[in-house]
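Worksheet: one structure, shown below.
What you are looking at is a predicted structure, and each value in this text was computed from that prediction instead of being measured.
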Amino acid sequence: MRILIFTSLFPNHERPDFGNFIFQRISHLAQKPGNFVKVVAPVPYFPSWIRSSRWRKYSHIQREERIENLSVYHPRYFLLPRLMPLHGLLMFIGSFLMVRRLHRQARFDCIDAHYIYPDGFAAVLLGRILGLPVVVSARGTDINVFPSFPTIRPLIVWTLRQVAGIIAVSDSLKNAVMDLGFPAEKICVIPNGVDTNRFHPIPQRDARRSLGLPDEGKIAVSIASLTETKNHPLLISAFTKILANFQSARLFIIGDGPRRSALNEFISEFRLHENVILVGAKPNNELAIWYSAADVSCLVSSREGWPNVIMESIACGTPVVATRVGGIPEIISPDLGMLAEQDSDSVAVALESALLKAWDRSSLSLHGRSRGWTQVAAEVDQYLRARITYRAVV
């Protein structure tokens, strides 16, 4: 197949780990014999002469770059933050000339788009003009949250009606798409995989010494962006409740985001600096050592799609405590971790139980590493071929 990937959630040299889960799927799809793949990853236009730490990084992104085995193109589009209903149209307008040029050169068979709105909406407009079938992947917020916006819901429904196929990364997302009025047979569930070369067990003592951590004492890690939906205050509150029984326990929060200052204040208010540490963001290729050093990893989000951090932790042999939201219950069984409700007492009970339990870390790792990205790419390849064939017959 000759496949055009269309998504704004993709790595670039300024943000090399951004959308890494999409990169992994596409990179392995491109490695399949006979496939030809190009990636169009639009970025917002921002003049380089305007000073803004938040937005200026976009002006530094190259128009075209090579990321491992993929050629990636970054057309610019105007992003008007308060006019979300226009984002899909603006993304289409900014990308059209580049996509048309690439299509004239490569004659693609289909467009594989990630994120229903605005990316999928823009991809459908491109597909209609170029005569290409479009398959979209639902990732999480695009289906869990955006349909609740009155001005966005019609755009999402229209997009899903136009596409040749829909991929959901979890059964919960498939059900959410069905709730919008779409039949089960139009939706294929293909969960994410894990990078088995990167995520594997490291002896805990070795991992801790590499990080300068003591051999003794319980350690929990939470790897997530510091945003409201990741519920870090809930996790910290739960963690304080177990300190009576685990006085030397420490929680390392790895990630960055807009809630960092508020979390620092929260930690200071309760004098938790010795037990709760904000590490900051770490590259994806350094996370395995943190998982391996920990006794448990935690994710207490208020919503999720198919969080890769859970699979990565399990692949390293580290059990997970996570809230019962989105696709998480589809991942975690009693042999792999503990599920909790979204309250501090429930999370505290799950944390304490996880820290007291003798886990079979080898079995966890075998399970976590059983679904690699090669398998995911094979399933995606099969589905894309089926939808292209179906579209041609229809």
> Is there a side-chain contact between W290 and V279 (heavy atoms, below 4.5 Å)?
Replying inline: yes
Please list, one pair per line, the donor and acceptor atoms closer than 3.5 Å that link side chains of residues 166-178 to other protein atoms, with sequence neighbours excluded.
unit_1 : atom_1 : unit_2 : atom_2 : d
S170   : OG     : S172   : OG     : 2.9
S170   : OG     : L173   : N      : 3.2
S172   : OG     : G326   : O      : 3.4
S172   : OG     : G327   : N      : 3.3
N175   : ND2    : D171   : O      : 3.3

> Can a donor-acceptor pair be found between the side chains of S27 and N69 at a distance below 3.5 Å?
Replying inline: yes
> Do the side-chain N and O atoms of S268 and H273 include a donor-acceptor pair separated by under 3.5 angstrom?
Replying inline: yes
>> Are L366 and I332 linked, directly or through intermediate hydrophobic residues, by side-chain heavy-atom contacts shorter than 4.5 Å (ILVMFWY only)?
In response: no
> Is R2 close enough and on-axis enough to F36, meaning under 6.0 Å and within 45°, for cation-pi?
Replying inline: yes
>> In terms of relative ring orientation, are Y115 and F146 parallel, tilted or perpendicular, with 30° and 60° separating the classes?
In response: perpendicular
> So how far is it from I267 CD1 to L272 CG, rounded to the nearest 0.5 Å?
Replying inline: 7.0 Å
> Same cluster or not: are L70 and F108 linked, directly or through other Ile, Leu, Val, Met, Phe, Trp or Tyr residues, by side-chain heavy atoms under 4.5 angstrom apart?
Replying inline: yes
>> Would you compute the distance between atom CG of L299 and atom OG of S313 and round it to the nearest 0.5 angstrom?
In response: 10.0 Å
> Atom CZ of F21 and atom CG of D195: how far apart are they, to the nearest 0.5 Å?
Replying inline: 14.5 Å
> How far does CZ of R259 sit from OG1 of T229, to the nearest 0.5 angstrom?
Replying inline: 10.5 Å
> Between S344 and K241, is any side-chain donor less than 3.5 angstrom from a side-chain acceptor?
Replying inline: yes
>> Run T196 and R371 through side-chain hydrogen bond (donor to acceptor under 3.5 Å, both in side chains) and show every step you take.
In response: CA-CA 8 Å; T196 55; R371 183 173 176 79; over 6 Å; no
>> How long is the straight-line distance from NZ of K282 back to CZ of F252, given to the nearest 0.5 Å?
In response: 11.0 Å
> Judged by modelled atom types alone, do R25 and S137 share a side-chain donor-acceptor pair under 3.5 Å?
Replying inline: yes
> If you group Ile, Leu, Val, Met, Phe, Trp and Tyr by side-chain heavy-atom gaps below 4.5 Å, do V349 and F246 land in one group?
Replying inline: no
> Salt-bridged, D381 to K32, with N to O below 4.0 Å?
Replying inline: no
> Any side-chain heavy atom of Y77 within less than 4.5 Å of one from F92?
Replying inline: no
> Are V39 and I67 in one and the same hydrophobic cluster, where Ile, Leu, Val, Met, Phe, Trp and Tyr link if side-chain heavy atoms are under 4.5 Å apart?
Replying inline: yes
>> Looking only at side-chain N and O atoms, does D119 offer a donor or acceptor that is under 3.5 Å from a partner on S8?
In response: yes
>> Looking at D295 and R208, is any side-chain nitrogen of the basic one under 4.0 Å from a carboxylate oxygen of the acidic one?
In response: yes
> In this structure, are over 12 heavy atoms from other groups packed under 6.0 Å from Q105 atom CD?
Replying inline: yes
>> Nearest 0.5 angstrom please: N308 CG to N284 CG, how far?
In response: 9.0 Å
> Do you see a donor-acceptor pair shorter than 3.5 Å between the side chains of S71 and R66?
Replying inline: yes
> Quick one: are the ring centres of F78 and Y45 less than 6.0 Å apart?
Replying inline: yes
>> Take a 6.0 Å sphere around CD of E330 and say whether it holds more than 12 heavy atoms from other residues, nucleotides or ligands.
In response: yes
>> Would you say H114 and R139 are linked by a side-chain donor-acceptor pair, where the criterion is simply a distance under 3.5 Å?
In response: yes
> In terms of side-chain geometry, is the basic nitrogen of K230 or E304 positioned less than 4.0 Å from the acidic oxygen of its partner?
Replying inline: yes
>> Looking only at the side chains, is there a donor atom on one of N12 and E65 sitting less than 3.5 Å from an acceptor on the other?
In response: no
> Any side-chain donor paired with an acceptor under 3.5 Å for Q62 and H74?
Replying inline: no
>> With a 4.5 Å cut-off on side-chain heavy atoms, are T318 and I314 touching?
In response: no
>> The test is side-chain contact (heavy atoms from CB on, under 4.5 Å); show your working for R76 and R63 and say whether it passes.
In response: CA-CA 8 Å; R76 266 51 176 179; R63 298 277 176 164; 3.6 Å; yes
